[in-house]
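Worksheet: the structure to be examined is printed underneath.
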Amino acid sequence: MENNVSILSSSWCIQYDKTLQTMQSRGEICSFGNFDELDEFVDKKGKLVLIYTPFYGFVENLTARETSFTKFLENWVVHFTQLVNFARTNRSKIILVSSRDTATNRTFFESMSGANLSKFEVPNLSSRTKLLANYSSLVNSDVKKLLDLLEALTTPLNENVLLSETSTYDVDVFLKEQEKQSAELFSKIIELTEALTSTREALVAEKQAAKKLETMMLDLNNNLLEEESCNKYTLSILSEFDSKIAMLKNALEESEFDKRRYRRQRDRVEKKKQKIEDELSFLKVILSTKENELKRHSELLGEYEANTLVAKKSAIASTKINERQKKSLEAKVNELQKSNNKLFAELTLIRKENDNIKRSKLYSAGQVIKRAKNKLNRGDELRLDDQEISLVATSEYFNIKWYLETYPDVAEAGIHPVEHYLLYGAAEGRLPSPNFDGKWYLARYPDVESAGLNPLVHFETYGRGEGRVVSPKMLESESSSKKK
């Protein structure tokens with residue numbers, strides 16, 4: 001580039017023009033923000049070349065950017081008003097050219113400016129761009145006026161317009177030459193007037209089509225806005241549905257958890273119910289035994305009363321019976337009467353206790369067991385602790401039904417399974433249920449055996465809280481769970 005030639009373009013034009021962007025990236029032009037910055041270039045010797053973006057180029061890039069067209073026209077009028085005023089004021093010192101002419105006539109621009117430019121790709125303008133640009137110049141007087149002034153001030157790039165250090169080219173001279181050429185062409189314009197008149201109708205139709213196109217564009221834009229609004233509303237509804245689905249999933253998981261918890265509670269209640277039913281069955285057996293004993297005693301009493309009656313008749317008939325025999329017989333009668341009364345009272349008490357068991361829960365069943373134990377005629381050589389009886393009777397590891405089925409001698413002896421286990425079963429190595437191994441428990445925990453405690457009583461009192469294991473099966477289950 002020659003030292004006496006400066007090539008510039010405004011930054012506002014560069015952002016809309018790919019040709020100017022390419023030249024700027026190659027260092028072939030400089031940019032400026034305000035026209036006041038050009039004063040230092042004007043004061044220098046030499047020429048100043050200003051390259052601007054043509055109106056078609058602005059409209060083409062504006063369509064791609066989808067920017068507000070009304071706002072763009074306002075900014076374009078302000079910017080190019082400043083450009084035209086600057087060019088008119090300094091027209092003897094500057095050369096004004098368009099970027100499209102520069103790209104199209106690169107060789108002439110290089111000859112004029114002394115710059116070496118690379119090849120440019122001249123962008124093609126779409127018919128929509130041309131239609132919108134023409135329509136804007138027709139309906140906006142400010143745009144049309146500025147375009148006419150730009151056309152007059154712009155230097156066409158051809159062989160007759162070159163710039164060098166000794167060039168005397170001046171814009172005023174060029175304008176005069178243009179006026180001369182315009183006069184020569186005026187005659188041709190008159191000839192073309194008739195043709196122009198014939199095309200006016202087509203132009204009017206084109207304007208109407210442009211208006212329809214503008215209306216269609218506005219309608220299309222409104223439809224797009226409505227569709228975008230509908231899409232946003234649809235997305236918000238879908239988001240709400242997703243939130244509700246997540247809430248329902250959480251509620252379903254909680255419901256499943258509650259269902260499993262209720263099932264476990266139901267199983268525990270069923271086990272307790274079964275245990276109570278087993279206790280009730282056992283008490284029914286005891287009650288039946290006592291009723292049989294009472295019946296047997298009643299029969300003996302009847303026989304005794306019959307014998308007594310016979311004896312009394314014999315005593316009356318025989319005066320030889322002495323007073324000592326009489327008193328002995330009366331004492332026996334009283335003793336049998338007391339025994340009968342005692343058995344009858346025991347039977348009444350057991351029946352009342354049986355009724356209470358039917359109405360009570362597990363604790364009442366333990367109380368009945370304790371009372372029944374004290375009424376069994378097995379002597380007082382071994383006594384049981386009430387708390388131990390309650391612990392064993394209510395333990396989940398003591399199964400009355402299983403104990404009686406496994407050890408039938410207990411049922412034959414007529415002793416309660418709880419009492420038998422506490423007095424004899426644990427010492428004999430018998431199991432209270434298939435889930436508790438007392439003999440293994442004592443072998444694993446020698447401190448329990450040395451203390452002389454019943455293994456099940458120790459587990460319910462201390463072992464459960466200490467985390468002790470009740471059987472080898474439970475130990476294997478815990479080991480496998482830890483490995484997992």
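Heavy-atom basis, side chains included; hydrogens, waters and symmetry copies ignored.
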Roughly how far apart are Ser141 OG and Leu146 CG, rounded to 0.5 Å?
9.5 Å
To the closest 0.5 Å, what do you measure between CD (Glu254) and CZ (Arg261)?
11.0 Å
Show every donor-acceptor pair shorter than 3.5 Å between a side-chain atom in residues 224-242 and any protein atom, with sequence neighbours excluded, or say none if there are none.
| from | atom 1 | to | atom 2 | distance (Å) |
| --- | --- | --- | --- | --- |
| Asn231 | ND2 | Glu227 | O | 3.2 |
| Thr234 | OG1 | Cys230 | O | 2.8 |
| Ser236 | OG | Tyr233 | O | 2.5 |

I'd like to check the side-chain hydrogen bond (donor to acceptor under 3.5 Å, both in side chains) partners of Thr102; sequence neighbours left out, ordered by chain and number.
none
Is there a donor-acceptor pair closer than 3.5 Å between any side-chain N or O of Glu37 and the backbone N or O of Gly33?
yes
Could you go through the side chain to side chain donor-acceptor pair (under 3.5 Å) check for Ser281 and Asp278 one step at a time?
CA-CA 5 Å; Ser281 299; Asp278 293 341; 5.3 Å; no
Which pairs count as side-chain hydrogen bond (donor to acceptor under 3.5 Å, both in side chains) when at least one residue sits in residues 444-462, sequence neighbours excluded?
Ser395-Glu460, Tyr441-His458, Asp447-Arg468, Glu460-Arg464
Start with the C-alpha distance between Cys13 and Leu20, add both sets of side-chain angles, then the distance that settles side chain to side chain contact (heavy atoms under 4.5 Å, CB included), and finish with yes or no.
CA-CA 8 Å; Cys13 288; Leu20 295 178; 4.0 Å; yes
So, for Val457 and Leu422, which heavy atoms are closest and what is the spacing to 0.1 Å?
CG2-CD2, 3.9 Å
Using side-chain heavy atoms (C-beta onward) and a distance below 4.5 Å, is Glu428 in contact with His420?
yes
Work out which heavy atom in Val143 is nearest to a heavy atom in Ser136; give both atom names and the distance.
CB-O, 4.3 Å
Is it the case that over 12 heavy atoms from other parts of the model lie below 6.0 angstrom from the CD atom of Glu256?
yes
Considering the options Ser99, Ser98, Ser9, which one meets the side-chain hydrogen bond (donor to acceptor under 3.5 Å, both in side chains) requirement together with Asp17?
Ser99
For Leu456 and Leu391, what are the C-alpha separation, side-chain angles and deciding distance, and is it a side chain to side chain contact (heavy atoms under 4.5 Å, CB included)?
CA-CA 8 Å; Leu456 183 56; Leu391 283 173; over 6 Å; no
Separation of Met217 CE from Asp219 CG (nearest 0.5 Å)
11.0 Å
By side-chain hydrogen bond (donor to acceptor under 3.5 Å, both in side chains) - contacts of Glu74 (at least two apart):
none
Would you compute the distance between atom CD of Glu206 and atom CG of Leu213 and round it to the nearest 0.5 angstrom?
11.0 Å
Mind listing the closest non-hydrogen atom pair of Val392 and Phe398 along with its distance?
O-CB, 3.3 Å
For residues 431-438, tabulate all N or O donor-acceptor pairs below 3.5 Å that involve a side-chain atom, not counting sequence neighbours.
| from | atom 1 | to | atom 2 | distance (Å) |
| --- | --- | --- | --- | --- |
| Ser433 | OG | Tyr397 | O | 2.7 |
| Ser433 | OG | Asn435 | N | 3.4 |
| Asp437 | OD1 | Lys439 | N | 3.3 |
| Asp437 | OD1 | Trp440 | N | 3.2 |

Ile51 side chain near Ile29 side chain, heavy-atom distance below 4.5 Å
yes
Between the side chains of Thr22 and Thr19, does any donor sit under 3.5 Å from an acceptor?
no
Do Ser255 and Asp258 pair up side chain to side chain, a donor and an acceptor below 3.5 Å, judged on atom types alone?
no
Do the rings of Trp76 and Phe80 sit parallel, tilted or perpendicular, given the 30° and 60° boundaries?
parallel
Can you classify the ring geometry of His416 versus Phe282 as parallel (below 30°), tilted (30 to 60°) or perpendicular (above 60°)?
perpendicular
Only residue of Phe35, Tyr52, Phe32 satisfying ring-ring contact (aromatic ring centres under 6.0 Å, His included) with His79 is Phe35
Closest non-hydrogen atom pair, Ala393 against Lys275:
O-CD, 3.3 Å
Counting heavy atoms not belonging to Gln387, are there more than 12 under 6.0 Å from its CD?
no
If a pair satisfies salt bridge (Lys or Arg N to Asp or Glu O under 4.0 Å) and one of its residues is in residues 403-418, list it, with sequence neighbours excluded.
Asp409-Arg430
Can you check whether Leu218's main-chain N or O pairs, donor with acceptor, with Asn222's side chain at less than 3.5 Å?
yes
Do you see a donor-acceptor pair shorter than 3.5 Å between the side chains of Tyr56 and Asn134?
yes
Mark yes or no for whether Asn34, through its side chain, and Asp36, through its backbone, hold a donor-acceptor pair below 3.5 Å.
no
How close do Tyr403 and Gly425 get, heavy atom to heavy atom, and via which atoms?
OH-CA, 3.6 Å
Under a 4.5 Å cut-off applied to non-hydrogen side-chain atoms, are Leu83 and Leu150 in contact?
yes
Distance, nearest 0.5 Å, that separates CE of Met247 from CG of Leu252:
13.5 Å
Say you draw a straight line from CG of Leu73 to OG of Ser137; how long is it, rounded to the nearest 0.5 Å?
10.5 Å
Please lay out, stage by stage, how Trp12 and Asn75 fare under the test side chain to side chain contact (heavy atoms under 4.5 Å, CB included).
CA-CA 10 Å; Trp12 194 73; Asn75 294 333; 3.8 Å; yes
Could you walk me through whether Asn140 and Tyr135 pass the side chain to side chain contact (heavy atoms under 4.5 Å, CB included) check?
CA-CA 8 Å; Asn140 193 317; Tyr135 174 76; over 6 Å; no
